[in-house]
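Data first, discussion second: the structure below is written as structure tokens.
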Amino acid sequence: MTNFPIAEFENQRTPFYFYDIELLRKTLDEIKRFSNYPGYHVHYAIKANVNPVILEEIRKAGLGVDCVSGGEVETALNAGFAANKIVFAGVGKSDWEIELGLAHDIECFNVESLPELEVIQEIAARMGKVARIALRVNPNIDAHTHHYITTGLAENKFGINLEKLDEIIDVAKMMPNVELQGLHFHIGSQITINDPFKLLSEKINELQAKYAEKGISFKTINVGGGLGIDYDNPNENPIPDFKGYFDTFKQNLKLSEGQEVHFELGRSVVGQCGSLITRVLYVKEGTEKKFAIVDAGFTELIRPALYQAHHNIENLTSDGDVEKYDVVGPICESSDCFAENEMLPKMRRGDIIAIRSAGAYGEIMASQYNCRRLPLSVYKK
Ligand SMILES: *Cc1c(COP(=O)(O)O)cnc(C)c1O
């Protein structure tokens with residue numbers, strides 16, 4: 001459970017991000033402990049948060065990095081991650097981004113389409129390089145049983161459909177400047193039960209068996225990310241169930257001798273260690289509703305506005321009677337609302353509020369809309 005150093009917060013300009021680095025370390029320890037199986041490698045999906053203090057902890061813990069843009073590859077390199085632990089995914093890689101990856105000999109490009117594969121071959125040939133690649137496969141896991149899976153369906157901008165896979169594998173194998181080393185999957189995000197990962201493992205087993213018959217094997221299987229966190233109970237569940245997650249793969253995914261499995265975890269690594277700290281500016285009494293107007297908005301945490309996501313909200317400085325509030329920000333958009341009908345201890349001007357579980361897809365998505373200042377970060381080490 002995060003204990004907030006409230007005295008330190010009093011004189012701090014709000015809003016700001018508060019990072020519990022101790023919790024991040026514990027989280028990383030559990031990841032290492034429960035992924036300690038032969039051939040298991042974890043890459044951090046850096047798009048979740050690139051705060052330098054956080055990256056330093058993740059680098060020290062020995063994780064690799066999963067990037068989805070050239071900018072992220074540069075950020076990872078600048079943070080001291082070894083190029084041979086950087087993988088690069090994304091449906092729309094620009095030429096300069098492919099060149100950057102090749103120039104640094106990154107570990108692997110996760111390729112999402114045939115035209116992309118052709119461009120990588122062309123650029124690698126021009127640069128006299130060999131690009132290591134994995135093909136991102138769209139495993140078409142049933143959306144009806146698992147409606148939260150949004151990226152693993154057929155006819156989706158991500159990945160290569162199963163019917164096209166044979167053809168693309170054949171093409172890749174003929175390319176002189178491309179080394180096909182694996183298959184890549186990523187079925188979605190904020191997945192809080194293990195069934196979909198079991199289904200994914202079974203799908204991968206089928207595929208591997210099918211290709212083994214044709215004499216095709218893969219050095220790596222990348223199962224993507226997507227493990228969720230408990231947004232409603234950050235105090236009770238500060239660390240996701242990594243044991244259950246990795247054991248699901250251990251029990252269900254069949255590997256051949258020496259084969260590697262790669263994981264790309266983002267949210268589950270950094271989500272719970274961050275909170276957005278904000279002050280109550282005004283409490284406005286409407287006719288039916290009470291609005292707590294705070295000094296943070298979707299410019300600091302866009303998930304509620306963008307995905308109707310709910311984050312746990314705590315008033316750190318009030319223990320008054322509980323009342324019902326809409327907690328809203330100052331941005332000139334109606335969607336700038338953190339929560340409706342939230343039961344909170346009586347809110348007063350100046351109260352310090354923590355919006356929890358903001359470590360992933362919080363700071364990294366901050367914007368300066370309305371010419372707002374980018375917020376600072378405070379750390380508990
Ligand atoms: C976003 C993303 C991840 C990380 O997803 P989380 O839900 O944050 O774990 C992993 N791999 C790919 C390809 C992604 O796009």
Side-chain angles (χ1 to χ4, degrees), residues 24 27-28 30-31 35 41-51 54-55 58 63-73 75-76 85-93 97 101 106-113 116 133-139 141 146 148-153 156-160 182-194 196-197 200 204 220-231 239-242 244-246 248-249 261-274 301-303 306-307 309 357-365:
L24 174 62
T27 307
L28 289 164
E30 298 221 347
I31 292 173
S35 67
H41 295 270
V42 181
H43 291 79
Y44 167 59
I46 198 170
K47 73 173 190 271
N49 192 320
V50 300
N51 180 295
I54 287 182
L55 290 188
I58 293 172
L63 274 61
V65 183
D66 163 51
C67 299
V68 290
S69 75
E72 286 189 354
V73 173
T75 301
K85 281 185 161 183
I86 294 177
V87 301
F88 182 9
V91 290
K93 298 181 189 74
E97 294 178 308
I106 60 165
E107 180 178 7
C108 190
F109 290 85
N110 292 334
V111 173
E112 308 223 10
S113 66
E116 181 195 333
I133 67 143
L135 295 172
R136 175 163 176 181
V137 182
N138 197 330
I141 286 181
H146 300 285
Y148 36 77
I149 294 172
T150 51
T151 63
L153 306 177
N156 182 300
K157 80 169 178 179
F158 299 104
I160 295 162
L183 297 178
H184 174 225
F185 305 83
H186 174 67
I187 54 174
S189 207
Q190 185 50 19
I191 299 169
T192 52
I193 55 171
N194 285 318
F197 299 121
L200 174 62
I204 296 171
T220 61
I221 294 295
N222 183 331
V223 296
L227 177 63
I229 62 172
D230 189 345
Y231 281 100
I239 300 179
D241 177 16
F242 290 112
Y245 172 74
F246 288 112
T248 299
F249 289 99
V261 200
H262 292 188
F263 298 85
E264 301 171 334
L265 299 175
R267 187 190 316 270
S268 54
V269 184
V270 293
Q272 297 290 37
C273 76
L301 180 64
I302 203 172
R303 298 189 66 259
L306 192 59
Y307 315 114
S357 313
Y361 309 109
E363 182 174 5
I364 190 66
M365 291 175 109

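Order of appearance sets the numbers: ligands from 1, and atoms from 1 within every ligand.
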Sorted by chain and number, the residues that approach ligand 1 to under 4.0 Å with a heavy atom: A45, K47, D66, R136, H184, H186, S189, G225, G226, E264, L265, G266, R267, Y361

Would K93 pass as a cation-pi partner of F88, given that its NZ or CZ must be under 6.0 Å from the six-membered ring centre and within 45 degrees of the axis? yes

Pick one: which of H41, H43, H262, E264 meets side-chain hydrogen bond (donor to acceptor under 3.5 Å, both in side chains) with N222? E264

Short side-chain donor-acceptor distance under 3.5 Å, E112 and H184: no

Residues that F197 engages under ring-ring contact (aromatic ring centres under 6.0 Å, His included), provided they are two or more places apart: Y245, F249

Sub-3.5 Å donor-acceptor pair from the side chain of N110 to the main-chain atoms of G90, do we have one? no

Are the side chain of E97 and the backbone of G70 linked by a donor-acceptor contact shorter than 3.5 Å? yes

